Peer 1: 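Have a look at this one.
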There are 2 protein chains.
Amino acid sequence: MPALNAISTSLKVSKGETLFLEGDDARHAFNVVNGHLRLARVGIDGRRQVMGFVSTGDFVGHTRKEAYTISAEALTDVTVCRFDRGAFEDLLVRFPMFEREFHKLTAGMLDDMQDQLFTLGRKNALERVASFLLAFVERQEEIQCSGHELWLPMTRADIADFLGLTLETVSRAFSRLKNDGILEIEQAHTIRILDREGLTDLASGDAETV
Amino acid sequence: MPALNAISTSLKVSKGETLFLEGDDARHAFNVVNGHLRLARVGIDGRRQVMGFVSTGDFVGHTRKEAYTISAEALTDVTVCRFDRGAFEDLLVRFPMFEREFHKLTAGMLDDMQDQLFTLGRKNALERVASFLLAFVERQEEIQCSGHELWLPMTRADIADFLGLTLETVSRAFSRLKNDGILEIEQAHTIRILDREGLTDLASGDAETV
DNA sequence: CGGCAACTTGATTCTCTTCAAGGTTCGTGG
DNA sequence: CCACGAACCTTGAAGAGAATCAAGTTGCCG
């Protein structure tokens, strides 16, 4: 850990700025200290796929390739630790324990992505939004105890591009969840989960199709 | 490599049999020597998502979790090397070089899965099938030089569950590709790619929308 | 207070799914 | 060797769900 600190630089990124861009020379890796980022890839004709959202404690930016394959944009003001790529990989070599931990992290991401593949491949709009919200809550609870009320740092369009939907469809799904008594929507970005079990059932595609 | 051989057992699995099942105790990892396998997860209500297809040279079955999160079924007769999980992880610790290689492999899988997320999230049926075919060809070419003619070990239903479509839609996409002069379909499982550039354009969503 | 970006909601369109029928291939047993 | 059945594939027609198009509304920031 001290060795980790030795090669890292603290860095602040303001809301709306990009930490790195798809195609940039992948010279650094980052660890998020604080705030939220959106990871996305944009296709030739402008279609955007959001690959994920990251926040406190997550690693981003390390890749095998020369260039970043995705872009990372700050959804809020963000603080990150920046590592020189070479120094970071050096560190992995020098501390096998650390390398193992890091590998574990990567493997965990693989599992998450499998869940996401299932979501995109086999769930309908409502189930996708439910899955997203559930995953987001669970992630928040890892970081800090939150009392069922949560703040979403991303827009409906971000969620849509994450779930393979349009922003209108996402908005409709939120409204539906509200009307069904599963959510309470204070403001678009501040919601409260009223019926977590209902949300879980929806997310797993377990709900009796109403 | 000799150390690798020391802990491995050769194993044959017949077409249609499963190498391991979702939920099974994850006691082994495998390296495919020969043949094709389908990796899939099945949801509560029977919805199936095929996570990928693997063949010669691919590793499968290693996971952080106690149990396998997916099932692996043989699409053809298959030969694999089986490793005891503990011994395998032991090996990773003893040979850092090997661990690094393995990690590289995992990272490569992450990149592949990002492509797949984009495909499921943002491409239409025709583009998905084109992407699948292209990826399959490229994979085949890694293994062995093949002259544009290729044999698909999986059924239309397998492809459909991989791409988040129905088997009918996949079949229609194949027909469309045939009519557009991009493919030649000898038999359902034996096809020839006539217009690779056209296929590439379609796969990347680059095609002038006809 | 004004302007803009984001969100919601409605109407219409389009793609893919669902349902249905017929065709092909292949293996098995008579 | 041929007949038969099962599994798989193709194609068509109808229907559902999400996309698109189009207003309005809300809330935030200068």
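Remember, predicted model here, so these are calculated numbers, not experimental data. Here is the naming used below: chain letters follow the sequence lines, and residue numbers restart at 1 for every chain.
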Peer 1: Is the backbone of B:Val78 close enough, under 3.5 Å, to the side chain of B:Asn34 for a donor and an acceptor to pair up by distance?
Peer 2: no
Peer 1: Is B:Gln187 touching bases, backbone alone, or none of the nucleic acid, heavy atoms closer than 4.0 Å?
Peer 2: sugar-phosphate
Peer 1: A:Arg128 side chain to A:Lys123 main-chain N or O, any donor-acceptor pair under 3.5 Å?
Peer 2: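 Yes, because the side chain of A:Arg128 sits within donor-acceptor range (under 3.5 Å) of the backbone of A:Lys123.
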Peer 1: Tell me whether the side-chain N/O atoms of A:His189 come closer than 4.0 Å to OP1 or OP2 in C:dA6.
Peer 2: no
Peer 1: In whole angstrom, what separates B:Arg156's CZ from C:dT18's C1'?
Peer 2: 20 Å
Peer 1: Could you please name the option among C:dT8, C:dC16, D:dA18 that lies closest to any side-chain atom of B:Ala125?
Peer 2: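 Within the option list, the nearest is C:dC16.
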Peer 1: So what does B:Gly16 hit on the nucleic acid, given a heavy-atom distance under 4.0 Å: a base, only sugar-phosphate, or nothing?
Peer 2: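 No contact.
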Peer 1: Once you round it to whole Å, what is the distance between P of C:dC7 and CZ of A:Phe174?
Peer 2: 9 Å
Peer 1: At under 4.0 Å between heavy atoms, what does B:Thr169 touch on the DNA or RNA strands: base, sugar-phosphate, or nothing?
Peer 2: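 Touches a base.
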Peer 1: Given that A:Arg122 and A:Met154 both sit by DNA chain C, which one's nearest nucleotide is further toward the 5' end?
Peer 2: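 The residue mapped nearer the 5' terminus is A:Met154.
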Peer 1: B:Leu165 CG to D:dT10 P: how many Å, rounded?
Peer 2: 14 Å
Peer 1: Picking from D:dA22, D:dC8, D:dT10, which would you name as closest to the side chain of B:Ser175?
Peer 2: D:dT10
Peer 1: Separation of B:Leu167 atom CG from C:dC16 atom C1', in whole Å?
Peer 2: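 The answer, rounded to whole Å, is 13 Å.
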Peer 1: Report yes or no: is there a donor-acceptor pair, N or O only, under 3.5 Å between the side chain of B:Glu168 and the base of C:dC19?
Peer 2: yes
Peer 1: For B:Ala188 and A:Glu186, find the nucleotide of DNA chain D closest to each by heavy atoms; which residue's nucleotide sits nearer the 5' end?
Peer 2: B:Ala188
Peer 1: B:Ser171 or A:Thr166: which one's nearest nucleotide on DNA chain D is closer to the 5' end?
Peer 2: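 With B:Ser171 and A:Thr166 compared, the 5'-side residue is B:Ser171.
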Peer 1: Could you check how far CD1 of A:Ile191 sits from P of C:dC7, rounded to whole Å?
Peer 2: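 Whole-Å distance recorded here is 13 Å.
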Peer 1: Drop me the distance from B:Phe83's CZ to B:Leu91's CG, to the nearest 0.5 angstrom.
Peer 2: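 That separation rounds to 8.0 Å.
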Peer 1: Whole-Å distance between C:dT12 P and A:Arg172 CZ?
Peer 2: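 The distance from CZ of A:Arg172 to P of C:dT12 comes to 13 Å, rounded to the nearest Å.
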Peer 1: Using a heavy-atom cut-off of 4.0 Å across all strands, would you classify A:Thr155 as base, sugar-phosphate, or nothing?
Peer 2: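 Contact class for A:Thr155: sugar-phosphate only.
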Peer 1: What is the distance from CG of A:Asn179 to P of C:dG10, rounded to the nearest Å?
Peer 2: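 Taking atom P of C:dG10 as the reference, CG of A:Asn179 is at 10 Å.
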Peer 1: If you round to the nearest 0.5 Å, how far is CD of B:Glu138 from CG of B:Leu133?
Peer 2: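 B:Leu133 atom CG to B:Glu138 atom CD measures 11.0 Å (nearest 0.5 Å).
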Peer 1: Please report, rounded to the nearest Å, how far the C1' atom of D:dT11 is from the CD1 atom of B:Ile185.
Peer 2: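 Spelled out: CD1 on B:Ile185 to C1' on D:dT11 is 13 Å.
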Peer 1: Treating A:Glu22 as the side-chain partner and A:Ala67 as the backbone partner, does any N or O pair qualify as donor plus acceptor under 3.5 Å?
Peer 2: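 Side chain of A:Glu22 to backbone of A:Ala67, a donor-acceptor pair under 3.5 Å: no, none is there.
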